[in-house]
Amino acid sequence: MSYNQRVNSSIQATLRLLTCAVLVALIVLVYVKLLHVNPTTTALTFLLAILAVAAAWGLRYAIPMSIASAFCFNFFFLPPVGTLTIADTQNWVALFAFFLTSVIASNLSERARRQTWEAQQRRQEVERLYAFSQQLLVAENVVALLQTVPRFLTETFGPTEAAIYLSSKDQIYRSDPDRQNVAVERLKDAAARGELFFDHARMLAVAPLRMGVRTVGAFGLSGEIPSRATMEAVGSLIATAVERANAVERLTHTEAARESERLRSALLDSVTHEFRTPLTSIKASVTTLRSGTKLTAEQQEDLLAVVEEESDRLNRVIGEAVEMAQLDAKEVHLDLVPHQMREAIDAALAESKNALGDHLVEVRLPDRLPSVVMDAVWIKKVLRHLLENAAKYSAPGSPIFVSAEVKNDRLITSVADRGAGIDDLERSMIFDKFYRGQSQRYRVQGTGMGLAIVKAIVEAHSGRIEVTSQLGHGSVFSFGLPLALPASHAGSNH
């Protein structure tokens, strides 16, 4: 306790003792000068006043008040009045009964007051422990947890400094790096011994982080120190949170390895299938050409066309794989400048002419559309993938619709088909790498990377793509891109 606190405490104690004296004097004055009541009423009044003081301020003030009240009761109310002598034996019994009753009642009142205070302290500590446990659930990895827990301790329990030591990492994490009140040696000693340490003179406490019978580290508080039970509970909570974060990390690594293995298998299956089919066709065509079989010029041209088409198909598969790898690695540089969406749509239609076949593509665009911020080359690839996807999964000759409209601050471009549609269960997986529809994967050629590439490109433009579909009626793929600012607005930002 500081000097100022000791001075304030002494002044407060003196004022309370004076208040007790004034209260006794007031009772004597009222009953002697004004009301003239009998000794029994006086004794009960003194007793009630003593109980009130004991309940409000404690036993240290009630005992002196009981002594003063006994003297005043004897001097002013027991005969012979005006002296400290007692003539009648019964009055001696009454005086001692009053004094003992006042002391015992004061003691009981003090005990009830202390128990109430302790119950309030326990309730506050339970509330703090609950709040602290809620904060521990935020972090998902051990490093983030250990960096934030010291701050949580100071915010929740009120110490000036908190420090955590983890044995497995052999590292100290502090709420304030400039404070070193909690010594490293003390933390390591608590972790090794598994015992609590309290130094009330220095306002320091250190407790082990115990997970069952196993100690994983220690933590220390300097300043306001909670109870021993709270320190043990906090140590168990932190140890449990550390183990939980470790378990989450291990589970995440396991899931990542499992997902990587799944993607590797899917890639191998998809690429193997996509490579084997064109390679088989190329091999068969070349073998036929070199076999010496007499072929007409038209037959030779057909075989050479097969070689060319299947080579282009192989080149496209390899190109999609490279694009997907670049997009995943964030190695794509986008040239984001204002463009008209019509430019990208026309370029995509020109490149997709062969893939669209006999599908009629109807473009529905307003007369005046605002420019959008995009890389025209990559958005052309988005539209080409969507157009070719619509052609693959819809009946020959069915129409395909391309439209665009402004919603809020984005231009929404849509490609709609009249195909079989997408099941609700598959809609959430349709943009995953290497995923192909269950009912179409053996009928339609592809690697399952097209829509994944589309999603990655759109998201790289700070956009979003979504699909709406109805079985038997077709699907609509829509993506939104931010509108370009008008020239006046753009100039005001410089």
Side-chain angles (χ1 to χ4, degrees), residues 1-2 5-6 9 58-60 107-108 110-139 142 145-176 179-245:
M1 186 180 295
S2 65
Q5 289 177 326
R6 288 197 297 269
S9 179
L59 196 61
R60 61 180 296 192
N107 188 31
L108 292 175
E110 166 69 10
R111 186 181 301 177
R113 177 175 170 271
R114 189 186 307 114
Q115 290 176 347
T116 301
W117 180 82
E118 291 175 352
Q120 291 176 345
Q121 291 297 110
R122 286 194 295 269
R123 178 181 60 80
Q124 291 177 358
E125 288 186 350
V126 169
E127 290 176 351
R128 289 176 177 177
L129 284 172
Y130 175 75
F132 183 66
S133 65
Q134 293 296 105
Q135 291 172 322
L136 291 180
L137 297 175
V138 176
V142 178
L145 178 68
L146 293 174
Q147 289 175 346
T148 55
V149 165
R151 178 172 56 84
F152 291 161
L153 286 169
T154 56
E155 292 175 354
T156 305
F157 298 98
T160 56
E161 181 193 359
I164 291 180
Y165 168 72
L166 201 64
S167 302
S168 61
K169 295 182 177 294
D170 193 26
Q171 190 170 353
I172 306 294
Y173 300 87
R174 298 183 182 273
S175 59
D176 186 354
R179 296 179 183 269
Q180 301 289 330
N181 295 333
V182 183
V184 176
E185 294 76 14
R186 183 64 67 185
L187 289 168
K188 291 185 177 180
D189 184 63
R193 294 173 177 269
E195 298 177 354
L196 276 79
F197 169 80
F198 280 87
D199 187 346
H200 292 285
R202 296 173 54 198
M203 302 182 70
L204 177 67
V206 180
L209 302 178
R210 188 176 289 114
M211 185 73 179
V213 297
R214 184 167 57 92
T215 301
V216 299
F219 79 102
L221 301 179
S222 174
E224 184 178 342
I225 302 173
S227 65
R228 178 178 293 268
T230 300
M231 290 289 290
E232 292 178 346
V234 169
S236 298
L237 285 173
I238 296 175
T240 303
V242 169
E243 290 299 306
R244 170 187 167 275

Provide the closest heavy-atom pair for Ala205 versus Ile225 in the form atom of the first, atom of the second, distance.
CB-CG2, 3.4 Å
Looking at every heavy atom in both Leu196 and Pro208, which two are closest together, and how far apart are they?
CD1-CD, 4.0 Å
Do Leu153 and Ile238 pass the side chain to side chain contact (heavy atoms under 4.5 Å, CB included) test, and can you show the C-alpha distance, the side-chain angles, and the key distance before you say yes or no?
CA-CA 10 Å; Leu153 286 169; Ile238 296 175; 4.3 Å; yes
With respect to Glu161, which candidate in Arg174, Arg151, Arg179 satisfies the salt bridge (Lys or Arg N to Asp or Glu O under 4.0 Å) definition?
Arg174
Side chain proximity check, Tyr165 to Val184, heavy atoms < 4.5 angstrom
no
If I take atom CG from residue Asp189 and atom CD from residue Glu195, how far apart are they, to the nearest 0.5 angstrom?
8.0 Å
Working note: Arg228 + Glu232, criterion salt bridge (Lys or Arg N to Asp or Glu O under 4.0 Å); need CA distance, chi angles, decisive distance, verdict.
CA-CA 6 Å; Arg228 178 178 293 268; Glu232 292 178 346; 5.2 Å; no
State which residues pass side-chain contact (heavy atoms from CB on, under 4.5 Å) with Glu118; sequence neighbours excluded, sorted by chain then number.
Arg114, Arg122
Determine whether Phe198 and Leu204 make a side-chain contact, defined as any pair of heavy atoms from C-beta on separated by less than 4.5 Å.
no
4.5 Å side-chain heavy-atom contact, Val149 and Phe219:
no
Go through Val182 and Ile172 one step at a time and tell me if the side chain to side chain contact (heavy atoms under 4.5 Å, CB included) criterion holds.
CA-CA 10 Å; Val182 183; Ile172 306 294; over 6 Å; no
At what distance, to the nearest 0.5 angstrom, does OG1 of Thr230 lie from CG of Leu237?
10.5 Å
Side-chain heavy-atom pair Met211, Val242 within 4.5 angstrom cut-off:
no
Quick check: closest heavy atoms across Met231 and Ala207, and the distance to 0.1 Å?
CE-CB, 3.9 Å
Enter the distance from Glu155:CD to Phe152:CZ here, rounded to the nearest 0.5 Å.
7.0 Å
Start with the C-alpha gap between Arg202 and Asn181, add the side-chain angles, then the distance that decides, and say whether side chain to side chain contact (heavy atoms under 4.5 Å, CB included) holds.
CA-CA 9 Å; Arg202 296 173 54 198; Asn181 295 333; over 6 Å; no
Under a 3.5 Å distance rule, please check whether Thr160 uses its side chain to pair with a backbone N or O of Ser222 as donor and acceptor.
yes
Taking all non-hydrogen atoms of both residues, which atom of Val206 and which atom of Arg186 are closest, and how far apart?
CG2-CG, 3.4 Å
Using side-chain heavy atoms (C-beta onward) and a distance below 4.5 Å, is Ser167 in contact with Leu209?
no
